[in-house]
Number of protein chains: 2
Amino acid sequence: MLFKLAVDCVVLAYDHTLNQLLLLLTKRIKEPQVGSWVLPGGFVKQTEDFALTAQRKLEEETGVRNLYLEQLKAYSLSDASTHNRIASVAYYALIKRADYAPMLVDAQLSQWVPVAHLPALPFDHGQKVADALTRLKQTIRTSPIAFYLLPVKFSLKQLQQVYELIYGHSLDTRNFRKLVKGLPYIVPLGEMESNVSHRPAQLYEFDLALYSDSVISETI
Amino acid sequence: MLFKLAVDCVVLAYDHTLNQLLLLLTKRIKEPQVGSWVLPGGFVKQTEDFALTAQRKLEEETGVRNLYLEQLKAYSLSDASTHNRIASVAYYALIKRADYAPMLVDAQLSQWVPVAHLPALPFDHGQKVADALTRLKQTIRTSPIAFYLLPVKFSLKQLQQVYELIYGHSLDTRNFRKLVKGLPYIVPLGEMESNVSHRPAQLYEFDLALYSDSVISETI
DNA sequence: GCAAAAGTGTTCGCAATACACCCATGC
DNA sequence: GCATGGGTGTATTGCGAACACTTTTGC
């Protein structure tokens, strides 16, 4: 029994003006389900492993190279009617909104939709998105991946909002800031927000080297 | 590009006399690597989804029907030399040692090895075992799956040992027992251990219905 | 000066940790 | 009676949760 192997990507970004997590969808250009909005993805090629397929597809569709990419799991498509069945491996990716090259959105071949108001998706793509969000919730508790969604320079408010969106509930601002200030790898830049009609926020940066150090010292 | 799809199973059991987690290995009967010890598994058949393949293989090889089975992830085999490549989906399973029908062990076609002293495994099977143990560590923190490894009636000492083996470090007995006694779904039977040359231990049972109740009441 | 969001400390309760001795059985 | 593992309670500490006001900017 032989399979075609597809890779599907749940690509998430954070829009701080909307204060929403966004999911990237593309328009199908082949049967079945031509014209409907689905997860970006494609078939695994000769020399690729899955992760490479996912990376290639994402670079084609978003122009983004610096991203967080992690495999979710494999799904067997229920549609076992044909001779060559299709199986798919789902990945989820976190990208910075600003890095996204919008050529495909302009051509109406892709769009961002808020995960809070997802349309029904064909195939098992709805399930994959749900699984990705569950995984993200778990992973963000133990791993500093929020920074893949945020601009390089961000305010603590933005950081908090990302956590609130992913957890699905609000956090206490004072407790959150207390916690963050205890982390050596989230470093305040001298810089402030500008052009806001209220008190400007201090900007911060995630320092990967300091994070690695802190992980090592915990392990010892 | 077409693939053959294999399923590999990391099957774990607990032996309380050895106080070890055991991994099930089978002897390969085909090239490549004939005669070496590998994870049990097989190819996905026409009408099956992966989980079904895993279940079928496990029943063939262990005779066990009541088990915990969860997908780990998909692996692309690096050996991309041939025309039809092989991809594999790994599962991990927890079974009760006593349920295992030992016909294959007797025939020297399979064996149990302590996970603490694993031999090097061919292909990427070593990686799969490592990934399974990592996943198990995470899952056991939030989900009562230790009971799939234990006999129906078990002592608190046995339960503690399972947690210690999976976590990889020892736990404080008094604190552990205090915690367990606070759980409504771990119920003491009147019964005691027998034929032990020391004070016999109280036996306990995991009550799934009570567990479900407690999960629901937490959610409300 | 007013609207709007940034920023800041203290208290409380609970859960995790550390720790040492008596008990019941088989031989 | 002794060897072996079963079984028990208390005190301390650290961490997460709750909570309200002042500050800085643009207009």
Side-chain angles (χ1 to χ4, degrees), chain A residues 14-20 137-138 140-142 146 150-151 153-184 186-205 214 217-218, chain B residues 14-20 137-138 140-142 144 150-151 153-184 186-205 214 217-218:
Chain A
Y14 167 67
D15 185 305
H16 79 276
T17 61
L18 294 174
N19 189 25
Q20 290 276 359
K137 254 184 231 184
Q138 292 167 3
I140 205 168
R141 271 176 209 281
T142 54
L150 286 167
K153 300 175 182 184
F154 53 87
S155 67
L156 294 189
K157 181 62 175 270
Q158 290 175 336
L159 183 60
Q160 185 178 342
Q161 283 175 336
V162 166
Y163 277 87
E164 288 178 338
L165 284 169
I166 292 173
Y167 287 151
H169 60 82
S170 59
L171 299 171
D172 181 275
T173 304
R174 277 179 289 191
N175 292 336
F176 182 81
R177 299 172 87 96
K178 198 193 316 172
L179 191 149
V180 168
K181 295 215 167 143
L183 302 175
I186 298 182
V187 294
L189 308 164
E191 241 166 303
M192 296 287 160
E193 258 182 340
S194 55
N195 295 322
V196 288
S197 75
H198 55 79
R199 176 173 173 179
Q202 169 80 252
L203 294 178
Y204 288 75
E205 196 173 53
S214 72
S217 62
E218 273 171 32
Chain B
Y14 168 67
D15 185 306
H16 80 274
T17 62
L18 294 174
N19 189 25
Q20 290 277 358
K137 254 184 232 185
Q138 292 167 3
I140 204 168
R141 271 174 209 284
T142 54
L150 287 167
K153 300 176 182 183
F154 54 86
S155 67
L156 294 189
K157 180 62 175 269
Q158 290 174 337
L159 183 60
Q160 185 178 342
Q161 283 174 336
V162 166
Y163 276 88
E164 288 178 337
L165 283 169
I166 293 173
Y167 287 151
H169 61 82
S170 59
L171 298 171
D172 181 277
T173 305
R174 276 180 290 190
N175 293 336
F176 181 80
R177 298 172 89 96
K178 198 193 315 173
L179 192 148
V180 169
K181 295 216 168 142
L183 302 175
I186 300 182
V187 294
L189 307 164
E191 241 166 304
M192 296 287 161
E193 257 182 341
S194 54
N195 295 322
V196 288
S197 74
H198 54 79
R199 178 174 172 179
Q202 170 81 252
L203 294 178
Y204 289 75
E205 196 173 54
S214 73
S217 61
E218 274 171 32

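Chain letters run A, B, ... following the sequence lines, proteins first, then strands; residues in each count from 1. In what follows, every heavy atom counts, from backbone to side chain, and hydrogens, waters and symmetry copies are set aside.
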Kindly state which residues belonging to residues 156-172 of chain A come within less than 4.0 angstrom of DNA chain D, counting heavy atoms of the residue only, listed by number. A:Asp172

Find the distance B:Phe176:CZ to D:dT8:P and express it as a whole number of Å. 14 Å

Heavy-atom side-chain contact between A:Arg174 and A:Lys178 under 4.5 Å: no

Value in whole Å for how far the C1' atom of C:dA5 lies from CD of A:Gln202: 15 Å

Of B:Pro200 and A:Ser155, the one whose nearest nucleotide on DNA chain C sits closer to the 5' end is A:Ser155

For B:Ser194, enumerate each residue passing the side-chain hydrogen bond (donor to acceptor under 3.5 Å, both in side chains) test, keeping only those at least two apart in sequence or located in another chain. none

Test item: A:Glu164 side-chain N/O and A:Leu171 main-chain N/O as donor-acceptor pair under 3.5 Å: yes

In whole angstroms, how far is the P atom of D:dG7 from the CG atom of B:Leu203? 9 Å

For nucleotides 20-22 of chain C, give me every protein contact, N/O to N/O, under 3.5 Å, one pair per line with atom names.
unit_1	atom_1	unit_2	atom_2	d
C:dA20	N1	B:Arg174	NH1	3.3

Quick check: closest heavy atoms across A:Gln158 and A:Leu150, and the distance to 0.1 Å? CB-CD2, 3.9 Å

Measure CD/B:Glu193 against C1'/C:dT25 and give the value in whole Å, please. 11 Å

pair B:Phe176-B:Lys157: side-chain heavy atoms closer than 4.5 Å: no

At their closest point, which heavy atom of B:Ile186 faces which heavy atom of B:Pro188, and how far apart are they? O-CD, 3.8 Å

Of all pairs that satisfy salt bridge (charged side-chain N to carboxylate O under 4.0 Å, His left out), the ones with a partner from residues 188-198 of chain B, not counting sequence neighbours: B:Lys153-B:Glu191

Please report, rounded to the nearest Å, how far the C1' atom of C:dC23 is from the CE atom of B:Met192. 12 Å

Partner residues of A:Ala146 under the side-chain contact (heavy atoms from CB on, under 4.5 Å) criterion, sequence neighbours left out: A:Ile140, A:Leu159, A:Val162, A:Tyr163

I want to confirm an ordering. Mapping A:His198 and B:Thr173 to their closest nucleotides on DNA chain D, which one lands closer to the 5' end? B:Thr173

Rounded interatomic separation in angstrom, taking CG from B:Leu179 and C1' from C:dA15: 10 Å

Heavy-atom side-chain proximity of A:Gln160 to A:Val180 below 4.5 angstrom: no

Taking only side-chain N and O atoms of B:Lys181, does any of them lie within less than 4.0 angstrom of OP1 or OP2 on D:dT8? yes

Quick test: give all pairs of protein nitrogen or oxygen and nucleotides 10-13 of chain D nitrogen or oxygen below 3.5 Å, distance rounded to 0.1 Å.
unit_1	atom_1	unit_2	atom_2	d
D:dT10	O4	B:Lys178	NZ	3.0

Between B:His169 and B:Tyr167, how do the two ring planes meet: parallel, tilted or perpendicular, split at 30° and 60°? parallel

